[in-house]
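These numbers come from a predicted model, not from an experiment. We're numbering straight along the sequence, starting at 1.
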Amino acid sequence: MYEFGTTIEKIRFMKNISVRVLVDGIMSISQYSRYKTGQNSLSVSKLFALIDRLNVTFEEFMFIHEKTDPNSFKHLQDQLMKAFSEKDIVSLRQIAEQAQSQFEQTTTLKNQQLAITTDLLATRIKQEPFSSQQKMNIHTLSLYLFNLNMWTHYDIVLFNNNIYAFSNEDRQLFSKNILKNLKNYKEYIQNKSEYVFFIANLLVIAINTHQYRQVSEYIDILNNLKLDPMLTTEKLIITFFKGVQEYLEKPGKPLDTCLMVLDIIKKLELTQLQLKLGNVVDVLKQNTDASSTN
């Protein structure tokens with residue numbers, strides 16, 4: 001727990017709480033001095049005691065930490081998604097270096113995984129083959145996911161971000177494990193959101209590889225999800241693939257539903273999603289043209 005010292009000190013200073021009052025009964029002033037500068041680590045119980053003494057909730061504390069610490073995992077993750085959507089390879093390389101540096105300082109596994117993910121996404125944008133080192137890193141991610149007995153929100157995001165790097169065999173194995181895990185998170189909105197994007201990724205791959213039996217199975221899963229009304233983007237994705245299902249069940253039927261959703265997504269400026277689903281429409285049209293030619 002090295003990384004939270006500067007955030008605790010910032011909140012203490014802004015709330016005009018003296019160091020003596022903050023640490024009384026928790027640790028010595030000298031221990032706190034070393035902790036806030038990153039020289040010492042801290043137990044979980046002492047960290048929570050300090051947060052409680054600051055009169056903030058843990059959620060509020062993490063929000064402040066992630067907004068103010070340029071090296072925080074959440075900050076780097078947000079930068080990653082922005083750089084990837086803009087296809088900014090230079091920024092992706094810099095983020096990978098920052099995440100790797102954080103891993104070397106803290107040995108926190110998720111920083112290593114973020115560094116690997118960022119590097120792989122940069123290579124994907126450049127449409128280059130993976131190097132031998134990158135293949136080893138993909139294997140590292142695969143081992144981590146293979147050993148999971150429970151998939152949390154973090155793990156699903158990790159899989160989603162690297163889905164194109166895994167072999168088809170690993171992808172199918174992980175997908176089965178995630179789908180088994182779905183029943184454990186029926187009431188957790190954030191996870192349902194990631195499930196929608198996860199299944200959408202599987203659908204894109206299945207359509208591109210003409211695995212239409214799997215397409216039907218995945219769309220049925222989407223149709224059976226009960227989403228919170230606030231998850232509008234996720235509902236648009238489900239509506240899009242309902243249009244795909246209608247199109248596949250009735251060859252020659254116009255892709256009106258899919259095109260309507262794409263138009264909405266374009267207006268919402270969801271560029272990456274627009275490109276991904278637009279590619280699906282192109283593939284379906286190509287298949288139709290090929291069939292009519294034959």
Side-chain angles (χ1 to χ4, degrees), residues 73-74 76-77 80-81 84 99 103 107-121 123-124 130 133-228 231 233-235 237-238 240-242 244-245 272-273 276-277 279-280:
F73 179 80
K74 181 65 167 58
L76 291 176
Q77 196 174 45
L80 160 63
M81 300 314 297
F84 181 65
F103 169 66
T107 66
T108 304
L109 189 60
K110 66 182 182 180
N111 284 321
Q112 181 193 41
Q113 292 169 343
L114 182 63
I116 292 172
T117 298
T118 309
D119 180 51
L120 294 177
L121 288 175
T123 301
R124 180 181 163 195
F130 294 127
Q133 180 60 53
Q134 287 176 319
K135 289 177 181 178
M136 290 175 62
N137 289 338
I138 293 168
H139 182 64
T140 298
L141 294 180
S142 295
L143 285 178
Y144 168 80
L145 295 174
F146 179 77
N147 287 318
L148 294 175
N149 291 318
M150 180 180 75
W151 287 67
T152 61
H153 173 255
Y154 169 82
D155 305 314
I156 298 170
V157 173
L158 180 65
F159 176 76
N160 268 342
N161 287 340
N162 293 282
I163 190 168
Y164 291 94
F166 298 124
S167 68
N168 188 53
E169 183 181 359
D170 283 351
R171 199 158 49 218
Q172 290 182 359
L173 173 63
F174 298 147
S175 300
K176 288 179 182 178
N177 290 341
I178 295 174
L179 292 173
K180 286 179 184 177
N181 196 65
L182 177 58
K183 62 183 179 181
N184 297 325
Y185 285 92
K186 284 185 177 178
E187 306 304 322
Y188 189 32
I189 294 173
Q190 191 177 34
N191 263 53
K192 278 194 176 178
S193 174
E194 289 304 330
Y195 272 116
V196 172
F197 285 100
F198 151 67
I199 295 171
N201 280 336
L202 294 181
L203 277 163
V204 171
I205 292 170
I207 290 168
N208 283 331
T209 54
H210 313 301
Q211 300 176 53
Y212 293 114
R213 180 179 296 179
Q214 287 186 337
V215 169
S216 179
E217 291 174 1
Y218 293 146
I219 292 176
D220 285 342
I221 292 170
L222 282 181
N223 289 337
N224 289 324
L225 285 177
K226 295 180 180 179
L227 298 180
D228 185 277
L231 298 178
T233 302
E234 291 77 357
K235 290 194 170 188
I237 291 172
I238 292 175
F240 175 87
F241 283 109
K242 281 182 179 178
V244 171
Q245 190 173 41
Q272 282 298 116
L273 185 59
K276 183 180 291 186
L277 299 186
N279 177 65
V280 169

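Side-chain contact between Ile138 and Asp170 is absent, with no heavy atoms from C-beta onward closer than 4.5 Å. Put simply, the side chain of Thr233 reaches to within 4.5 Å of the side chain of Phe197, judged on heavy atoms.
Every residue two or more places apart in sequence or in another chain that forms a salt bridge (Lys or Arg N to Asp or Glu O under 4.0 Å) with Asp119 is listed here: Arg93.
Remark: the Asp155 side chain and the Thr152 side chain contain an N/O donor-acceptor pair separated by less than 3.5 Å. With 3.5 Å as the limit, one finds no donor-acceptor pair spanning the side chains of Glu169 and Ser167. Between Gln112 and Tyr144, the side chains place no donor N or O within less than 3.5 Å of an acceptor N or O (distance only, hydrogens not considered).
Taking both residues in full, the closest heavy atoms of Leu158 and Leu145 are given as CD2-CD2, 4.1 Å, listed atom of the first, atom of the second, then distance. In terms of heavy-atom proximity, Lys135 sits nearest to Phe130 at CE-O, 3.6 Å.
Relative ring orientation between Tyr212 and His210 is described as tilted, the plane-to-plane angle lying within the 30° to 60° band.
Formation of a donor-acceptor pair under 3.5 Å by the Asn208 side chain with backbone atoms of Ile205 is not found in this model. In terms of modelled atom types and a separation under 3.5 Å, the side chain of Tyr218 and the main chain of Asn201 share no donor-acceptor contact.
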Audit row: Val244, Leu203, side chain to side chain contact (heavy atoms under 4.5 Å, CB included) steps and yes/no: CA-CA 10 Å; Val244 171; Leu203 277 163; over 6 Å; no
